[in-house]
Amino acid sequence: MKREAISVFDMFKIGVGPSSSHTLGPWRAAQRFACTIRERGLLSKVSKLQVLLYGSLAKTGKGHGTDIAVMLGLSGADPVTFDTAIIAAAIEKIQMEKTLVLEGSHPLPFDPATDLVFLFTETLPYHPNALTFLVQTEDGGSMAETYYSIGGGFIQQEGETPGAAASVQLPFPVDHAGDLLHWCMKTGMSISEVVMENENTWRSEAETRSGVFHIWNVMKDCIYKGCHAQGILPGGLQVKRRANGLNKQLLKGRTYTDFEGWLQAIRAGGASFQYILDWVSCFALAVNEENASFGRVVTAPTNGAAGVIPAVLQYFVAFCDGYYEDKIITFLLTASEIGSIFKKGATISAAMGGCQAEIGVSSAMAAAGLTEVLGGTQRQVMMAAEIAMEHHLGLTCDPIAGLVQIPCIERNTMGAIKAITASQLALQSTPDYAKVSLDAVVKTMWDTAQDMNTKYKETADGGLAVNIPLSLPEC
Ligand code: SF4
């Protein structure tokens with residue numbers, strides 16, 4: 001039987017903030033729909049286009065940039081390569097001219113105020129993140145397609161089997177942590193080695209290594225950029241960027257001109273507990289401030305939680321003598337496998353499971369990656385992932401004003417620190433005595449997700465979102 005196969009490049013996707021499920025997923029869905037129109041030879045015949053947004057995409061879509069993502073995707077822009085500095089101008093052009101150039105070649109009338117329809121009270125049964133594209137053609141024809149953004153930038157068209165596109169036969173198929181442990185024990189390979197063997201199904205090892213290292217480079221650029229950007233985050237909450245100020249404060253005037261020099265300047269400040277703690281927070285804040293600003297980030301496994309893994313990896317690079325290509329690749333391969341186990345056994349969508357599915361999963365992934373590169377055994381790696389998730393169980397998603405800013409940005413600092421603590425606990429423990437397995441915590445997370453009240457699943461209808469009286473000037 002073929003089982004769902006998830007690659008490291010499915011778990012880590014290069015894209016644009018602020019949300020994987022509400023920005024990257026809808027962007028990909030819009031690209032795919034536009035591509036379908038072209039393939040059917042209808043591109044030049046489209047006369048009207050509307051997009052219906054349901055459930056969580058309607059309720060927090062404005063704050064999460066769903067409207068922007070859909071328009072850019074329909075225009076043919078790619079989230080991996082599109083220049084994030086011109087997003088605002090591109091959207092303003094569509095709004096001013098009331099024209100959208102479908103797939104970059106067919107201009108058609110499009111007024112975002114009326115052609116993007118936010119159905120706040122309607123939810124489709126399959127998944128809370130749903131969107132439908134409707135087109136009419138000059139000859140009186142019509143076409144409609146519905147897509148679901150199922151978390152972490154993954155999308156699924158209505159009627160499609162989950163994971164069907166990625167269904168290949170891997171040498172070491174893994175659905176559960178127990179499967180992974182079985183392969184490790186049977187072969188003597190580390191977790192990252194098992195993952196690499198599976199990745200070889202899709203491409204050569206050299207390609208995987210270079211692609212994974214590129215993922216790190218995008219993470220690294222994002223941290224560096226976020227630590228050097230100033231100002232107020234977009235969206236209307238007037239949230240001030242903090243990574244820049246913290247970076248300056250911690251460096252105490254030490255100078256540098258590039259990332260390598262910056263790394264030396266960081267290391268020159270010592271290694272006290274407080275100093276390292278502040279830096280881990282700074283790295284996480286930097287990424288999520290970039291994410292909130294529609295910057296280029298790596299979905300890991302989501303955008304709201306995009307700062308946890310880079311912060312822990314940068315901690316390893318800066319403070320654990322970890323600046324080696326091999327180790328960075330090992331970290332990311334192991335982290336991705338843990339993320340895919342959560343995706344298969346539970347969810348990585350906050351609209352399905354609250355923030356435990358985002359920050360909790362990213363923390364478990366980071367804890368696992370860090371434990372392997374610090375020399376932990378396979379069972380210690382899994383123990384670290386289990387500990388990190390165990391202490392995020394029940395975490396709700398209640399972003400103020402639907403923006404991925406409060407509590408999201410600080411929450412990444414918490415996820416990163418918990419990952420480091422979980423890793424240290426596992427490294428200092430004997431897994432034989434562990435009472436909770438990784439599979440048990442995956443199941444518990446999913447049970448908790450199902451019991452969680454809907455208002456805590458990325459709706460901005462509960463928690464901080466209703467108790468903090470912050471209003472948006474432009475709403
Ligand atoms: S509260 Fe957590 S899950 Fe919700 S948007 Fe923020 S980071 Fe994502």
Side-chain angles (χ1 to χ4, degrees), residues 15-26 55-66 69 127-129 149-154 233 235 237 239 281 284-285 287-294 297-311 339 342-343 346-366 388-389 391-419 445 448-449 452-468 470:
V16 174
S19 169
S20 45
S21 55
H22 288 55
T23 318
L24 186 60
S56 178
L57 289 189
K59 289 185 177 185
T60 60
K62 278 268 179 206
H64 285 51
T66 307
H127 195 283
N129 294 336
S149 178
I150 58 175
F154 288 86
L233 297 175
L237 279 182
V239 173
S281 293
L285 292 176
V287 172
N288 287 84
E289 287 169 1
E290 279 301 294
N291 183 59
S293 313
F294 291 85
V297 296
V298 176
T299 299
T302 66
N303 280 26
V308 173
I309 290 170
F342 276 101
K343 183 179 183 301
T347 180
I348 56 168
S349 163
M352 293 291 278
C355 199
Q356 57 174 356
E358 290 206 14
I359 296 288
V361 173
S362 63
S363 188
M365 293 167 70
M389 173 52 81
H391 303 288
H392 281 97
L393 287 173
L395 192 65
T396 59
C397 171
D398 54 357
I400 294 177
L403 292 164
V404 194
Q405 296 181 11
I406 308 172
C408 319
I409 296 171
E410 281 182 1
R411 198 162 276 179
N412 279 264
T413 69
M414 301 296 151
I417 294 301
K418 279 194 199 178
M445 185 204 134
T448 308
M452 193 181 280
N453 190 303
T454 306
K455 67 185 178 184
Y456 297 117
K457 296 178 182 176
E458 213 165 6
T459 59
D461 284 341
L464 287 172
V466 296
N467 285 323
I468 306 300
L470 295 173

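For ligands, and for the atoms within them, numbers begin at 1 and follow the listed sequence. Hydrogens, waters and symmetry mates are skipped; everything else that's a heavy atom, side chains included, is used. The shown structure was predicted, so the numbers you read here are calculated from the model rather than taken from an experiment.
Smallest separation of non-hydrogen atoms from Gly304 and Asn412: O-ND2, 2.8 Å. Closest non-hydrogen pair, Thr347 versus Ala357, comes out as O-CB, 3.5 Å.
The distance from the CZ atom of Phe154 to the OG atom of Ser21 is 12.5 Å, given to the nearest 0.5 Å.
The side-chain contact (heavy atoms from CB on, under 4.5 Å) test applied to Met414 returns no partner, not counting sequence neighbours. Contacts of Lys455 classified as salt bridge (charged side-chain N to carboxylate O under 4.0 Å, His left out), with partners at least two apart in sequence or in another chain: none.
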Distance-only donor-acceptor hits, side chain of residues 348-355, under 3.5 Å, sequence neighbours excluded:
from   : atom 1 : to     : atom 2 : distance (Å)
Ser349 : OG     : Ala351 : N      : 3.3
Ser349 : OG     : Met352 : N      : 3.4

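For a distance threshold of 2.8 Å, the protein N, O or S atoms nearer than that to atom 2 (Fe) of ligand 1, listed by chain and number, are Cys355 SG.
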